[in-house]
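Notes follow the structure.
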Amino acid sequence: MYSLNRSCFMSNTSISGSSSPFSNYQRRRLPAKVVALSTANRDHSNGSVLLDTRSGTTTLQEMRDGYAEVVDPKSGVVGGVQDVYGEDTATEDQPVTPWAVSVASGYSLLRDPHHNKGLAFNEKERDSHYLCGLLPPTVVSQELQVSFFLSPLSLFQSIVKKMMHNIRNYQVPLQRYMAMMDLQERNQRLFYKLLMDNVEELLPIVYTPTVGEACQKYGSIFNRPQGLFISLKEKGKILEVLRNWPEKNIQVIVVTDGERILGLGDLGCQGMGIPVGKLSLYTALGGVRPSACLPITIDVGTNNEELLNDEFYIGLRQKRATGQEYAELLHEFMTAVKQNYGEKVLVQFEDFANHNAFNLLEKYGTTHLVFNDDIQGTASVVLAGLISAMKFVGGSLADHTFLFLGAGEAGTGIAELIALEISKQTNMPVEETRKKVWLVDSKGLIVSSRAESLQHFKRPWAHEHEPVTELVDAVNKIKPTVLIGTSGQGKTFTKEVVEAMSALNEKPIILALSNPTSQSECTAEEAYTWSQGRAIFASGSPFESVEYEGKVHVPGQSNNAYIFPGLGLGLIMSGTIRVHDDMLLVAAEALAAEVSQENFDKGLIYPPFKNIRKISAHIAAKVAAKSYELGLATRLPPPKDLVKYAESCMYSPSYRTYR
């Protein structure tokens with residue numbers, strides 16, 4: 001490929017030569033000639049082109065961001081693609097052409113987030129791609145760009161005046177979130193470079209807790225779409241809507257219906273911030289290519305009256321659809337996803353209400369590659385923390401008693417995985433190991449006398465015991481060694497509750513997991529102070545270190561981002577077709593194994609996020625190995641070294657050299 005200021009744009013020689021970015025497979029699938037239209041006068045042309053294939057002519061309307069859709073007429077799956085300019089081979093150090101098939105101007109190139117390098121374009125690239133005069137003369141490295149961007153992030157109030165009027169009074173974390181999202185839309189590689197190099201500082205900005213506020217105000221800060229919005233209006237044509245997305249080789253979809261966003265409730269269409277944030281982490285932490293990620297919001301209305309009356313609300317202004325209407329829309333969506341992207345696309349359900357979350361996972365778990373992060377991801381990361389905590393308190397999981405406040409998706413998901421792990425360690429039936437786990441919901445302790453009125457996912461936890469309504473009374477009667485909060489209700493681990501746990505245990509394990517920070521069952525300071533510095537504490541959202549009687553306590557963060565990026569990478573790189581509970585167990589064990597003695601000495605039950613890519617590679621390797629063992633992997637033969645293979649599959653945000 002050459003720019004139009006060379007002798008040709010694409011020639012047979014350049015395609016077949018050794019410097020071509022096309023693989024042999026791509027050359028077989030895209031035998032083509034490109035004819036430039038109206039290029040005689042380069043001052044009045046952006047160099048539009050047509051692509052001729054053996055089957056006919058593909059028009060520009062069928063070319064999306066450098067991808068040509070090539071469908072095998074014998075295949076039942078559509079949406080196969082070839083990467084025209086070699087961006088899929090993100091780790092290969094070879095020159096690429098930064099144009100889609102429709103040749104853009106240099107001005108457009110600077111506004112393409114996939115290929116824009118800003119001041120990092122060198123002099124040759126500026127001359128070749130019509131950039132001369134559009135940039136200042138200096139050339140800087142990507143590393144220097146990162147340092148430039150970090151400086152205003154740490155002093156963000158100084159640029160508040162440059163913000164749009166409707167965000168000038170927002171708190172600084174949201175302003176930082178806006179700055180990061182703006183960078184992602186302008187320069188995708190720099191965004192991921194910045195996030196990966198400063199993950200501990202920026203993770204709370206691009207995801208929880210800041211993303212919660214972003215979702216609440218999404219209608220006001222909405223700039224341009226970052227994913228697909230599928231509403232009831234699209235019923236009957238969802239497959240067509242999926243084909244509107246420019247990227248065709250999708251490997252991961254994160255989808256929400258916005259009914260239960262974090263601990264904030266029904267945010268309707270404005271829940272899109274969650275899939276966007278999750279997929280940013282799939283790339284930054286797990287190395288999944290950005291072009292392979294698709295955020296989707298299913299808009300079936302909202303029951304949030306405040307949003308329905310908000311003039312800036314961007315979703316359907318109607319009450320939520322339920323029952324058959326809801327089920328039919330979701331079934332059409334799941335069918336269309338499989339038809340368009342194939343058997344091995346991972347669909348991650350995110351922030352659905354309890355009843356829908358369990359139903360969807362049960363219904364599609366045997367027919368699709370699906371994963372619910374609220375149920376399964378949370379369970380895996382909490383289990384990892386508990387395995388690590390055993391090194392502090394001694395014994396095995398089977399020696400402990402667990403009490404939950406909260407019996408929804410997260411609570412029952414964690415409880416089940418704990419029971420499965422104990423069963424694995426002891427060879428006891430899971431029906432027996434469940435008796436080590438007790439749950440408290442809004443009506444009190446879940447006991448057998450309540451069984452008939454319980455939702456189906458709570459019934460396995462209804463044990464023989466007298467009714468108990470208050471949490472502190474449940475602590476005193478059950479005598480747990482581990483207290484876990486998944487209630488979504490802030491300040492519910494009161495001083496009396498923590499003191500009761502501390503009276504029963506020398507080192508009480510207290511996990512306040514609800515997000516965002518405002519919904520946490522207690523703060524780190526409260527846990528350490530009320531336990532006289534003896535608690536082993538972790539939370540869902542980050543807290544600062546706490547000094548108590550001269551000792552500094554570093555709270556852990558039980559963040560799902562430890563698990564789902566590596567789990568997803570393992571599923572993708574092995575071509576897995578179904579998620580199995582054993583994969584969640586090995587992911588938890590792999591994460592726990594990454595906690596070093598140095599981490600333990602600081603009181604941490606999770607490793608630092610600065611090593612997250614290394615951690616994700618090890619989790620991916622364990623998940624892939626389990627998939628091969630279970631016969632669920634389709635990418636054969638399996639690699640000899642799965643860790644090295646996982647690392648080689650990871651996306652690199654480093655700038656490519658352009659011809």
Item to complete: Verify whether one side chain among Glu421 and Gln425 offers a donor that lies under 3.5 Å from an acceptor in the other.
Response: yes

Item to complete: Report the C-alpha distance between Ile536 and Ile510 in whole Å, list the side-chain angles of each, state the deciding distance to 0.1 Å, and finish with yes or no for side chain to side chain contact (heavy atoms under 4.5 Å, CB included).
Response: CA-CA 6 Å; Ile536 298 170; Ile510 299 175; over 6 Å; no

Practice prompt. To the nearest 0.5 angstrom, please state how far the CG atom of Leu386 sits from the CD1 atom of Ile422.
Written response: 9.5 Å

Worksheet item: Can Leu330 and Ile298 be said to form a side chain to side chain contact (heavy atoms under 4.5 Å, CB included), step by step?
Response: CA-CA 8 Å; Leu330 267 293; Ile298 305 287; 4.1 Å; yes

Worksheet item: Got Val255 and Glu350 here, is their nearest side-chain heavy-atom distance under 4.5 Å?
Response: no

Worksheet entry | Inter-residue atom distance Ile619.CD1 - Leu569.CG, 0.5 Å rounding | 10.0 Å

Discussion item. Pair Tyr326, Asp257 - check side chain to side chain donor-acceptor pair (under 3.5 Å), show working.
Written reply: CA-CA 10 Å; Tyr326 180 91; Asp257 70 353; 2.8 Å; yes

Discussion item. Show the nearest heavy-atom pair for residues Pro295 and Leu279, with the distance to one decimal.
Written reply: N-CD1, 3.2 Å

Worksheet item: Are any of the side-chain nitrogens in Arg578 or Glu343 under 4.0 Å away from the carboxylate oxygens of its partner?
Response: yes

Discussion item. One pair to check against side chain to side chain contact (heavy atoms under 4.5 Å, CB included): Phe191 and Met180. What are the steps and the verdict?
Written reply: CA-CA 7 Å; Phe191 167 83; Met180 290 297 291; 3.6 Å; yes

Worksheet item: About how many Å separate CG of Leu511 and OG1 of Thr486, when rounded to the nearest 0.5 Å?
Response: 10.5 Å

Worksheet entry | Pairs where residues 262-274 contributes a residue and the test salt bridge (charged side-chain N to carboxylate O under 4.0 Å, His left out) is met, not counting sequence neighbours | Asp266-Arg320

Worksheet item: Any sub-3.5 Å donor-acceptor pair from Asp399's side-chain atoms to Ser396's backbone N or O?
Response: yes

Worksheet item: Can you tell me if Ser514 and Glu521 form a side-chain donor-acceptor pair at under 3.5 Å?
Response: yes

Worksheet item: Would you say Thr481's side chain and Thr401's backbone share a donor-acceptor pair under 3.5 angstrom?
Response: yes

Discussion item. Any side-chain to backbone donor/acceptor pair from His400 onto Pro480? Under 3.5 Å, distance only.
Written reply: no

Worksheet item: Any side-chain heavy atom of Glu526 sitting closer than 4.5 Å to one from Lys491?
Response: yes

Worksheet entry | Option from Leu417, Ile375, Asp373 for which side-chain contact (heavy atoms from CB on, under 4.5 Å) with Ser380 holds | Leu417

Discussion item. Please find the pair of heavy atoms, one from Val579 and one from Met583, that lie closest to each other, and give the distance.
Written reply: CA-SD, 4.1 Å

Discussion item. Do the side chains of Asp374 and Arg260 get close enough for a salt bridge, i.e. N-O under 4.0 angstrom?
Written reply: yes

Practice prompt. Considering only NZ, NE, NH1 and NH2 on the basic side and carboxylate oxygens on the acidic side, decide whether Lys622 and Glu589 come within less than 4.0 Å.
Written response: no

Discussion item. Can you confirm whether the side chains of Tyr606 and Ser558 place a donor and an acceptor under 3.5 Å from each other?
Written reply: yes

Discussion item. I need the minimum non-hydrogen distance between Thr576 and Gly570, along with the two atoms involved.
Written reply: OG1-O, 4.4 Å

Worksheet item: Taking Thr208 for the side chain and Pro204 for the main chain, is one N or O donor matched with an acceptor at less than 3.5 Å?
Response: no

Worksheet item: Could you go step by step and tell me if Tyr628 and Ser574 meet the side chain to side chain donor-acceptor pair (under 3.5 Å) rule?
Response: CA-CA 8 Å; Tyr628 283 112; Ser574 59; 5.5 Å; no

Discussion item. Under a 3.5 Å cutoff, is there a donor and acceptor pairing between the side chains of Ser541 and Ser539?
Written reply: no

Worksheet item: Of the non-hydrogen atoms in Gln376 and Asp581, which two are nearest, and what is the gap between them?
Response: NE2-OD1, 4.5 Å

Discussion item. If you define the side chain from C-beta out and look only at heavy atoms, does anything of Val381 sit under 4.5 Å from Asn559?
Written reply: no

Fill in: CD (Glu200) with more than 12 external heavy atoms under 6.0 Å
yes

Worksheet item: Donor-acceptor pair, Arg289 side chain versus Thr283 backbone, under 3.5 Å?
Response: no

Fill in: Sub-4.5 Å side-chain heavy-atom contact between Ile446 and Val440
no

Item to complete: Would you please indicate yes or no on a ring centroid separation below 6.0 angstrom for Phe609 and Tyr562?
Response: yes

Worksheet item: Does the separation of the ring centres of Phe349 and Phe371 fall below 6.0 angstrom?
Response: no

Worksheet, complete the sentence: Rounded to the nearest 0.5 Å, the NE2 atom of His618 sits from the CG atom of Leu591 at a distance of 12.0 Å

Item to complete: With side chain to side chain contact (heavy atoms under 4.5 Å, CB included) as the test, would you mind laying out the steps for Leu242 and Tyr341 before giving the verdict?
Response: CA-CA 9 Å; Leu242 291 177; Tyr341 301 121; 4.1 Å; yes

Worksheet item: Is a donor on one side and an acceptor on the other found under 3.5 Å between the side chain of Ser423 and the backbone of Pro429?
Response: no

Fill in: Nearest heavy-atom neighbours spanning Gly395 and Met390
O-CB, 3.7 Å

Worksheet item: Taking the side chain as C-beta and beyond, is there a heavy-atom pair between His456 and Asn359 under 4.5 Å?
Response: yes

Worksheet item: Is it the case that Asp351 and Thr256 place a side-chain donor and acceptor less than 3.5 Å from each other?
Response: no

Worksheet item: How far does CG of Asp299 sit from CG of Leu228, to the nearest 0.5 angstrom?
Response: 13.0 Å

Fill in: Donor-acceptor contact present, side-chain Asn198 to main-chain Leu195, <3.5 Å
no

Practice prompt. Check whether any side-chain heavy atom of Pro555 lies under 4.5 Å from a side-chain heavy atom of Pro542, and answer yes or no.
Written response: no

Discussion item. So Arg534 and Tyr528, do their side chains get closer than 4.5 Å, heavy atoms only?
Written reply: no

Worksheet item: Can you tell me how far CD of Gln348 sits from CG of Leu571, rounded to the nearest 0.5 angstrom?
Response: 10.0 Å

Discussion item. Looking at Arg189 and Ser654, would you say the former's side chain and the latter's main chain have a donor-acceptor pair under 3.5 Å?
Written reply: yes

Worksheet item: Ignoring hydrogens and geometry, is there a side-chain-to-backbone donor-acceptor pair from Arg176 to Leu202 under 3.5 Å?
Response: no

Discussion item. For a quick check under 3.5 Å, do Gln519 and Asn515 share a side-chain donor-acceptor pair by atom type?
Written reply: no

Worksheet item: Are Glu647 and Lys644 ion-paired here, with the side-chain N under 4.0 Å from a carboxylate O?
Response: no

Worksheet item: Aromatic rings Phe358 and Phe457: how do their planes relate, parallel, tilted or perpendicular, breaks at 30° and 60°?
Response: parallel

Practice prompt. Determine whether the aromatic ring centres of Phe600 and Phe392 lie less than 6.0 Å apart.
Written response: yes

Worksheet entry | Residue from Ile484, Thr412, Leu403 passing side-chain contact (heavy atoms from CB on, under 4.5 Å) with Leu439 | Thr412

Worksheet item: Taking 4.0 angstrom as the limit, do Arg434 and Glu416 come out as a salt bridge?
Response: yes

Item to complete: Could you tell me whether Glu598 atom CD has more than 12 heavy atoms of other residues or ligands within 6.0 Å of it?
Response: no

Discussion item. Looking at Val206, is its backbone amide N or carbonyl O close enough to the side chain of Thr210 to form a donor-acceptor pair, meaning the two atoms are under 3.5 Å apart?
Written reply: no

Discussion item. Any heavy-atom pair between the side chains of Leu642 and Met573 that's under 4.5 Å?
Written reply: yes

